[in-house]
Amino acid sequence: MFSSLREKNFRYFWIGQCISVMGTWIQRTAQTWLVYQMTKSAFLVGLLSACQFLPILGLTLVAGSLIDRHPKRRILMITQAGFLVLGVIMTVIVMTGVVQYWMVLAIALGYGVLQSFDTPTRQSFVVELVGRKNLMNGISLNSTIFNLAKIAGPSLAGLLMVKFSVGICFLVDAISYLAVLGGLFLIKQTKVVATPSKKRLWADVKDGLKYVWSHAGIRMSAELMLIVSTLNFNNNVIIPIYANQVLGGGADIYANLLSATGIGSLAAAFLMSYLSRFGLQRNIYLWVAVGTAGLQAAMFFVRSYPLAMVMMVLIGFCNMIFLNQSNASFQFDIPNELRGRIMSVYVLLNQGTTPVGSIYVGSVMDALTGLWGFPSCGILALVLLVPVLLANRQLVGHWLHPNLKES
């Protein structure tokens, strides 16, 4: 289950990210709650999330080409230093009491620009640290970082906000980036994967898109991600409004619900880490794509806190397996010289679709209350998944029954 951690470089990277991503989840939780308390508007919370991920739509594909041309460790050091600076700025404006909504949006845009380069770089850097043999395990263990953080981060943020202030959360986030920078400094690579190219950036981008489109398995994963990532990964927007309007709770209930999704995600990450020895689990992949949409549709009937906690665990479990197998589908058996570009498509679908989903669900909740946040996303996702699965029914049959020949 932990074979990738035998690699010293991956251990440095993994431990540094454990601390840094914890800070990121503390920051996200506090930022969302701060904006909701400032505005009392689900739409403006959705707009905040959209601003943080909007730059990914315009920059990530170009970033993928640059990632393939330059050492990934160097790119990560630049992006993490940038996150540190933004964290310090956010801490200062909140603690001095000058913070305004537009300032939070501007900083969110800055985070989005850095994420456009940071996320695909991190995703494509794993194989350089663990090798192809341990790639599946490395992907799964890398996922555990985010899920450990999703459990502890919101809970710690809720504690800090209740006991101290929102500003302390942003200070903790800023300090946490020092850990990942320290880990990157300690990494010593004997072979750096970087392919200088004389082509125009757009020509390199087209090569990556062409590869994704010409491989049926990756293309279908992209189609599934386009629907599920847009509609079923809006927890940060939905949960604070759901916690307040449906459950009648405050920051503590909001943080606990977020942590519950993290518990489900962590359980899924450990399961997929164990199953990584058997390769891609595409039958499970299809079931969780439909399952996460179905669970969110069923949230219309959930009005009690204990049941909501159980549902959040199940939703987190399905979401994590879906992302894990999507990541593996994109990375499995692809050429290293295209890895940055192919993973930039993955990040575009995973995070670049967030602005659409965030604004959609924020508008729905403003019009129909927080009870409709999850169901409006789940029902629409189920409707859209049907034609995708029917159009790819031969591939679906092969994924569900891998022992049969794919026609």
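As the structure is a computational prediction, the values presented were derived from the model and not from experiment. Numbering starts at 1 and runs along the sequence shown.
- No side-chain donor-acceptor contact under 3.5 Å links R28 to the backbone of W25.
- Between I241 and G370, the closest heavy-atom pair is CG2-CA, 3.6 Å.
- Side chain of N244 to main chain of P240: no donor-acceptor pair is present (N/O by atom type, distance under 3.5 Å, no hydrogens or angles).
- Contact record, S376 with V361: OG-CG2, 4.1 Å, taken as the closest heavy-atom pair.
- Side-chain contact, Y305 with N256: a donor N or O sits under 3.5 Å from an acceptor N or O.
- Between the side chain of D366 and the backbone N or O of S363, no donor-acceptor pair lies under 3.5 Å.
- The structure places CG of L186 at 11.0 Å from CG of L181, a figure rounded to the nearest 0.5 Å.
- For the atom pair CZ of F13 and CG of L76, the computed distance is 5.5 Å after rounding to the nearest 0.5 Å.
- Listed here is the closest heavy atom pair of N392 and V388: ND2-O, 2.8 Å.
- A donor-acceptor pair is defined here as one N or O able to donate and one able to accept, closer than 3.5 Å; such a pair exists between the side chain of Q296 and the backbone of N232.
- The CG atom of L247 sits 10.5 Å away from atom CD1 of I239, with the distance rounded to the nearest 0.5 Å.
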Fill in: Stepwise side-chain contact (heavy atoms from CB on, under 4.5 Å) test for M90 and V104
CA-CA 8 Å; M90 189 70 184; V104 182; 3.9 Å; yes
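- By the side-chain contact (heavy atoms from CB on, under 4.5 Å) test, A179 is found to be paired with I19, residues two or more places apart in sequence or in another chain being considered.
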Practice prompt. Starting from the C-alpha separation in whole Å, work towards a yes-or-no answer on side-chain contact (heavy atoms from CB on, under 4.5 Å) for L286 and L389.
Written response: CA-CA 9 Å; L286 291 174; L389 295 175; 4.2 Å; yes
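- Without hydrogens or angle criteria, S20 side chain to G16 main chain gives no donor-acceptor distance under 3.5 Å.
- The backbone N or O of V288 lies less than 3.5 Å from no partner atom in the side chain of T292, so there is not a single donor-acceptor pair.
- Results of the side-chain contact (heavy atoms from CB on, under 4.5 Å) test with D173 over T91, T24, L86 single out T24 as the only residue that passes.
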Worksheet item: For D118 and Q80, what are the C-alpha separation, side-chain angles and deciding distance, and is it a side-chain contact (heavy atoms from CB on, under 4.5 Å)?
Response: CA-CA 8 Å; D118 183 81; Q80 293 297 313; 2.9 Å; yes
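- When the shell of 6.0 Å around CZ of R303 is examined, it contains more than 12 heavy atoms from other residues, nucleotides or ligands.
- For the atom pair C169 SG and F164 CZ, the distance stands at 10.5 Å (nearest 0.5 Å).
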Practice prompt. Go through the steps for T119 and Y346 under the test side-chain contact (heavy atoms from CB on, under 4.5 Å), then give the verdict.
Written response: CA-CA 10 Å; T119 306; Y346 167 84; 6.0 Å; no
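- Ring geometry, W33 versus Y36: the interplanar angle falls from 30° to 60°, so the pair is classed tilted.
- Screening residues 71-122 for ring pair (Phe, Tyr, Trp, His ring centres under 6.0 Å) gives F83-Y111, F83-Y177 as the qualifying pairs, with residues at least two apart or on separate chains.
- Under a cut-off of 6.0 angstrom, the local environment of NZ in K40 is crowded, with over 12 non-hydrogen atoms contributed by other residues, nucleotides or ligands.
- S176 OG to Q17 CD: the interatomic distance, rounded to the nearest 0.5 Å, is 11.0 Å.
- Put simply, the side chain of F317 does not reach to within 4.5 Å of the side chain of V313, judged on heavy atoms.
- Between atom CD1 of residue I78 and atom OG1 of residue T121 there is a gap of 10.0 Å, rounded to the nearest 0.5 Å.
- In this structure a side-chain-to-backbone donor-acceptor pair under 3.5 Å is present from S214 to Y211.
- A donor-acceptor pair under 3.5 Å is formed between the side chain of S265 and the backbone N or O of G316.
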